[in-house]
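In what follows, a structure is listed as structure tokens, so that the remarks can point back to it.
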Amino acid sequence: MGNVIIITDSSAYLPAFQIDSLPIEVIPLYLTWEGRSYADGLDLQPEEFFRRLQHASEMPRTSQIPLHTFLNVYRRWLEKGYDILSIHISSKVSGTVAAAIQAARELAADKIRVFDSLSGAAAMAFQVLGAARAAAQGATLAECERIAGKIRDASHTYFIPATLEFLHRGGRIGGAAALLGTALKIHPILETRDGVIEACEKVRTMSRAMQRLVELMEKRAAGCKKIIAASLYADIPELAETLLNLVKQRLGNRIQQTWFSTISPVIGAHIGPGAVGMAFVCQEE
């Protein structure tokens with residue numbers, strides 16, 4: 001074990017089997033809903049969250065990690081002699097990165113690096129896991145940050161929301177706003193591009209949308225010899241299983257590793273129930 005700790009937030013929704021024995025600490029984001037505050041993934045699990053969301057009269061509000069939380073976490077690890085790589089949800093949809101940067105400046109900027117994932121969910125998890133595995137093998141802070149950057153550049157996410165309503169309400173819709181007028185008649189394929197949600201295409205049925213998503217993935221992954229993929233879902237795991245099977249059929253033995261990942265309540269508050277997607281990272285070797 002080296003002397004670098006990876007700090008991240010709950011939007012990555014790291015699967016437990018992936019983080020055993022790795023130097024990772026997860027700080028929860030928060031939701032405020034019906035007069036109560038919930039720590040993402042701790043006080044409120046995805047299954048319960050999406051079940052309640054479908055019938056909620058009031059929409060949940062999400063909040064970034066406050067400055068004092070970063071200060072407390074960073075101080076604790078600095079006192080233990082660690083350098084810190086802090087990897088967080090895209091700065092273009094959350095103020096979490098800004099709060100982390102402010103905390104780093106107040107403490108020890110030379111020992112803390114704040115890294116903007118320009119993503120969330122499994123695409124961010126790829127970065128966290130890659131950096132943490134390097135840290136566990138003794139990599140320096142600069143080396144861990146470089147690995148996270150390389151994974152970020154090679155990662156991409158496509159997803160299909162059941163509706164654009166939640167993205168619109170939360171102000172996270174980005175370039176997908178152009179689809180709002182026909183949202184009830186289509187299944188839009190969206191992507192995370194440079195940290196912002198953008199529209200790719202609009203398709204009439206979910207089955208065709210998933211097939212088209214796989215075609216888009218195949219095109220983007222052209223030239224990749226190995227692909228690690230995570231099939232994302234809100235509250236319908238069967239959709240994620242179907243999508244992953246389509247990916248395996250299309251991309252064959254280039255798919256080296258896969259897992260299913262539910263979407264955290266904080267991200268789910270903006271995407272809504274019924275969503276499905278695919279996050280993947282291309283490896284040249």
List the atom of [X], the atom of [Y], and the distance in Å for their closest heavy-atom pair.
| X | Y | value |
| --- | --- | --- |
| G41 | Y13 | CA-CE1, 4.2 Å |
| S37 | D43 | O-OD2, 4.3 Å |
| P28 | I65 | O-CG1, 3.8 Å |
| L53 | P273 | CD2-CD, 3.7 Å |
| L22 | A136 | CD2-CB, 4.2 Å |
| M124 | S119 | N-OG, 3.5 Å |

Quick one: pull up [atom1] in [X] and [atom2] in [Y] and give me the separation to the nearest 0.5 Å.
| X | Y | atom1 | atom2 | answer |
| --- | --- | --- | --- | --- |
| L141 | Y82 | CG | OH | 13.5 Å |
| C282 | K226 | SG | NZ | 13.0 Å |
| I27 | H88 | CD1 | NE2 | 5.5 Å |
| F280 | I228 | CZ | CD1 | 12.5 Å |
| R133 | Q137 | CZ | CD | 9.5 Å |
| S91 | Q64 | OG | CD | 11.5 Å |

Say whether, by atom type as modelled, one donor and one acceptor occur between the side chain of [X] and the main chain of [Y] under 3.5 angstrom.
| X | Y | value |
| --- | --- | --- |
| W77 | I6 | no |
| K92 | D194 | yes |
| S86 | V114 | no |
| R254 | C224 | yes |
| R113 | D83 | no |
| E143 | T140 | yes |
| E198 | R193 | no |
| D235 | G274 | yes |
| T8 | V128 | no |
| S155 | I151 | yes |

- prompt: Would you say the ring centroid of F126 lies under 6.0 angstrom from that of H156?
  reply: no
task: Test salt bridge (Lys or Arg N to Asp or Glu O under 4.0 Å) on E145 and R152 and set out the steps.
output: CA-CA 10 Å; E145 184 179 30; R152 179 180 64 186; over 6 Å; no
Indicate yes or no: at least one non-hydrogen side-chain atom of [X] is less than 4.5 angstrom from one of [Y].
| X | Y | answer |
| --- | --- | --- |
| T157 | M278 | no |
| V26 | D9 | no |
| I189 | K202 | no |
| V93 | V196 | no |
| V4 | I84 | no |
| V97 | F115 | no |
| L78 | K80 | no |
| P188 | P161 | yes |

message: Applying side-chain contact (heavy atoms from CB on, under 4.5 Å) to E191 and F159, what does each step give before you reach the verdict?
response: CA-CA 6 Å; E191 66 178 329; F159 66 100; over 6 Å; no
For [X], does the [atom1] atom have more than 12 heavy-atom neighbours from other residues, nucleotides or ligands under 6.0 Å away?
| X | atom1 | result |
| --- | --- | --- |
| K150 | NZ | no |
| Q45 | CD | yes |
| R208 | CZ | yes |

Under 4.5 Å between side-chain heavy atoms, hopping through other hydrophobics if needed: is there a path connecting [X] to [Y]?
| X | Y | answer |
| --- | --- | --- |
| L118 | I7 | no |
| F50 | L42 | no |
| L67 | Y30 | no |

query: Is the shortest distance from a Lys or Arg side-chain nitrogen in R220 or E215 to a carboxylate oxygen in the other one below 4.0 Å?
result: no
query: Between R51 and E47, is there a side-chain N and carboxylate O pair less than 4.0 Å apart?
result: no
message: Run the side-chain contact (heavy atoms from CB on, under 4.5 Å) test on K248 and T258 for me, step by step, so that the C-alpha distance in whole Å, both residues' side-chain angles and the decisive distance to 0.1 Å come before the verdict.
response: CA-CA 10 Å; K248 289 179 176 178; T258 62; 4.1 Å; yes
message: Quick one about H270 and T62 (side-chain donor to acceptor, distance below 3.5 Å, no hydrogens or angles considered), yes or no?
response: yes
message: Can you confirm whether the side chains of Y158 and T192 place a donor and an acceptor under 3.5 Å from each other?
response: no
